[in-house]
Number of protein chains: 2
Amino acid sequence: MKSIEKAVSALQLLVNSGGELRVGETSRHLKVTRSSASRLLASLASGGLIEQDPATQRYRAGILAVQLAASFHRNFDLVEQAQKEMDELARTTEHTVWLGVLSGTEVVVLKTARGSQPIQFTVEPGHRLPAHAAAMGKALLAVKPDAEIRSLFAASLDPVTKQTLVSIDDLLREIAMSRLRGYAISNQELFDGVKAISVAFEDPHKGMNIAISVSYPLFALEGGSDQSVVDALLLFAHHFGSRIGDKRWTK
Amino acid sequence: MKSIEKAVSALQLLVNSGGELRVGETSRHLKVTRSSASRLLASLASGGLIEQDPATQRYRAGILAVQLAASFHRNFDLVEQAQKEMDELARTTEHTVWLGVLSGTEVVVLKTARGSQPIQFTVEPGHRLPAHAAAMGKALLAVKPDAEIRSLFAASLDPVTKQTLVSIDDLLREIAMSRLRGYAISNQELFDGVKAISVAFEDPHKGMNIAISVSYPLFALEGGSDQSVVDALLLFAHHFGSRIGDKRWTK
DNA sequence: CAACATGTTGCGTAATAAGCAACACTTTGT
DNA sequence: ACAAAGTGTTGCTTATTACGCAACATGTTG
């Protein structure tokens, strides 16, 4: 069903273009004529998935998208269940806690819980982070076999900071280390001066993976050690993992 | 682009089926063979708009839907702006405040603010209400000309409670009254024992309409009069409307 | 274990989406 | 100020593709 796949591509483009899309822009990226792009967007708008601004003629997300997302969150009760415990984790560590899922080579942030630290790094739910640079990304990738990871990152790894791993082999080595360790680390690979650690969970019913991460600025470390944060995260993983029935954490 | 419109219909069906969709169900509702429905859903899933549960084979909303909704809320800053004032309104009235938009013959709730009353009627964001029975619906319909309203409700009006208006002519009369009044009323037409009043706003930039409503149980009325709630809502409408540049409320 | 549903493939034909112009309209440049 | 380029939309024709029909694989139920 090529036309539908093209339509979905247009929606991805909409997200990547900051929420607004024009017909000409769409036609160029999808390599179709403006007439086709016009009809494509009009069709998507027919059911309210997107809608056209009457003033600027630009297209943006519609109400149906909100409803779909609502049904996503309603089904995906792992997220709801995690919320309360995330708050708890944010309180004990005093740092920022994120919950995310893997989408291709990126991590989509679904929930956040702010710690009590005055200086924080926050990300709005719905935003995306490069998986190879984020702790959550590595934790989620660690579930997959190396071959799959390698095919995912066919293109080269984009450097985000000076610390970002740009070689796939380095990434795989680091992920192997994460598997042994039980949690993944991002040491200033996503933001300078910010470290993050993360663990992944699998919902046995829905067959879906999520990750929880704690991010903290380097200067906030007491005595240069982040052992207390690691301990808190592992404690959280044990509690939450056993409650949702994740085999990796039940014992 | 019929196949895309069919795909959007499938998404609407997904929302109306409680967030889960099966191939057979889809084929029956869209009146296509199972093979077509299978390919259609697979195409939608290709880009992450929906995804298939590996265990049950059922389809549900995907991550792209969450991203789309996030971009919707980012663009639609009216909602964000309204949030704080809604909290204020909920505090002064002590009742529940809803914010919604019109989608066909239904109202989609986007935000809620709870009042301090111990007994409350709450609706989750993303849910929908029949426009002809909800105060928000009438307020939003009142913006449109009668002819358009009449064509919207080609089918008969579904009765929700014993008070629900079932005749289109009655509805139009009631809406005309709302225009004179400046606000719309739903007197136990949506929930027995619950009354609601609502006002609509228009974003001059985005050309989009939203409504704010206050719902309150009849037994909570002091002295049988709801004048204080009406006054609070009109005060809110004046403040908010003039701030966003709505012509109807600037003077 | 049979009878039934369900979801996913090939395959040929009929439906339809894409490109090409032409149009109205706004924005930009001189 | 007008020309020139850009934008989004709409007939029209052909080439593309999506549909229904089977057949198959895999659970589900009686």
Side-chain angles (χ1 to χ4, degrees), chain A residues 1-62 71 75 203-208, chain B residues 1-62 71 75 203-208:
Chain A
M1 231 105 166
K2 286 212 168 142
S3 67
I4 296 184
E5 288 167 26
K6 237 172 218 167
V8 177
S9 299
L11 294 175
Q12 294 176 330
L13 183 62
L14 173 64
V15 170
N16 291 325
S17 303
E20 285 202 331
L21 210 52
R22 293 181 306 170
V23 172
E25 198 182 345
T26 311
S27 74
R28 258 173 271 117
H29 283 265
L30 297 188
K31 307 213 168 120
V32 295
T33 53
R34 286 206 313 277
S35 56
S36 297
S38 173
R39 284 186 272 247
L40 188 154
L41 293 173
S43 300
L44 284 175
S46 73
L49 220 207
I50 63 176
E51 56 194 19
Q52 190 175 27
D53 189 316
T56 66
Q57 289 189 114
R58 289 199 189 87
Y59 286 89
R60 56 182 178 228
S71 89
N75 274 338
D203 184 349
H205 292 92
K206 305 274 174 70
M208 216 172 170
Chain B
M1 230 107 167
K2 284 210 169 150
S3 66
I4 296 184
E5 288 168 25
K6 238 172 216 167
V8 177
S9 299
L11 294 174
Q12 294 176 330
L13 184 62
L14 173 64
V15 170
N16 291 326
S17 304
E20 286 201 331
L21 210 53
R22 292 181 305 171
V23 172
E25 198 182 345
T26 311
S27 73
R28 259 173 270 115
H29 279 85
L30 297 188
K31 307 210 166 123
V32 295
T33 54
R34 287 206 313 279
S35 54
S36 298
S38 173
R39 285 185 273 247
L40 189 153
L41 293 174
S43 301
L44 283 175
S46 72
L49 220 206
I50 63 177
E51 58 193 17
Q52 189 175 27
D53 189 315
T56 66
Q57 289 191 115
R58 288 199 189 86
Y59 285 89
R60 57 180 177 229
S71 88
N75 275 337
D203 184 348
H205 293 92
K206 304 274 174 70
M208 218 171 168

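Note on naming: letters A, B, ... go to the chains in the order of the sequence lines (proteins, then strands), and numbering restarts at 1 for each one. Bear in mind the structure is a predicted one, so any value in this text is a computation, not a measurement.
In this structure, A:Asp53 places its CG atom 15 Å from P of C:dT26, rounding to the nearest Å. Across the protein-nucleic acid pair, A:Arg28 atom CZ and C:dG19 atom P stand 15 Å apart, rounded to whole Å. B:Lys6 places its NZ atom 10 Å from the C1' atom of C:dA15, with the value rounded to the nearest Å. Taking atom CD of A:Gln57 as the reference point, atom P of C:dT27 lies 9 Å away to the nearest angstrom. As rounded to whole Å, 14 Å separates atom C1' of D:dG6 from atom CD of A:Glu25. Between the CG atom of A:Leu40 and the P atom of D:dT9 there is a distance of 12 Å, given to the nearest Å. Straight-line distance from the CG atom of B:Leu44 to the P atom of C:dG7: 16 Å, rounded to whole Å. If you measure from atom CG of B:Leu21 to atom C1' of C:dT6, you get 14 Å, rounded to the nearest angstrom.
Side-chain proximity of A:Val23 to C:dG19, D:dT9, D:dG20: nearest is D:dT9. For B:Ser38, whose side chain is taken as the heavy atoms from C-beta onward, the closest listed nucleotide among C:dT9, D:dT9, C:dA17 is C:dT9. For B:Ser36, whose side chain is taken as the heavy atoms from C-beta onward, the closest listed nucleotide among D:dG20, C:dG19, C:dT8 is D:dG20. For A:Lys2, whose side chain is taken as the heavy atoms from C-beta onward, the closest listed nucleotide among D:dT10, D:dC19, D:dA18 is D:dA18.
A:Leu41 places none of its side-chain heavy atoms less than 4.5 Å from the side chain of A:Gln52.
Contact annotation for A:Gln52: backbone-only contact, meaning every heavy-atom pair under 4.0 Å involves sugar-phosphate atoms and none involves a base. Using a 4.0 Å heavy-atom criterion, one finds that B:Ser3 contacts the sugar-phosphate atoms exclusively.
Taking all atoms of both residues into account, the shortest heavy-atom contact from A:Lys6 to A:Val32 is NZ-CG1, 3.7 Å. The shortest non-hydrogen separation linking B:Leu30 to B:Ser9 is CD2-CB, 3.8 Å.
Partner of B:Asp53 under the salt bridge (Lys or Arg N to Asp or Glu O under 4.0 Å) criterion, chosen from B:Arg60, B:Arg58, B:Arg22: B:Arg60.
Nearest-nucleotide positions on DNA chain D place A:Gly24 closer to the 5' end than the other of A:Gly24 and A:Met1. Ranked by how close their nearest DNA chain C nucleotide is to the 5' end, B:Arg34 and B:Arg39 are led by B:Arg34. In terms of position on DNA chain D, the residue among A:Ser35 and A:Ile4 whose nearest nucleotide sits closer to the 5' end is A:Ser35.
For the atom pair A:Ser38 OG and B:Met1 CE, the distance stands at 9.5 Å (nearest 0.5 Å).
The phosphate of C:dT26 has neither OP1 nor OP2 within less than 4.0 Å of any side-chain N or O from A:Arg22.
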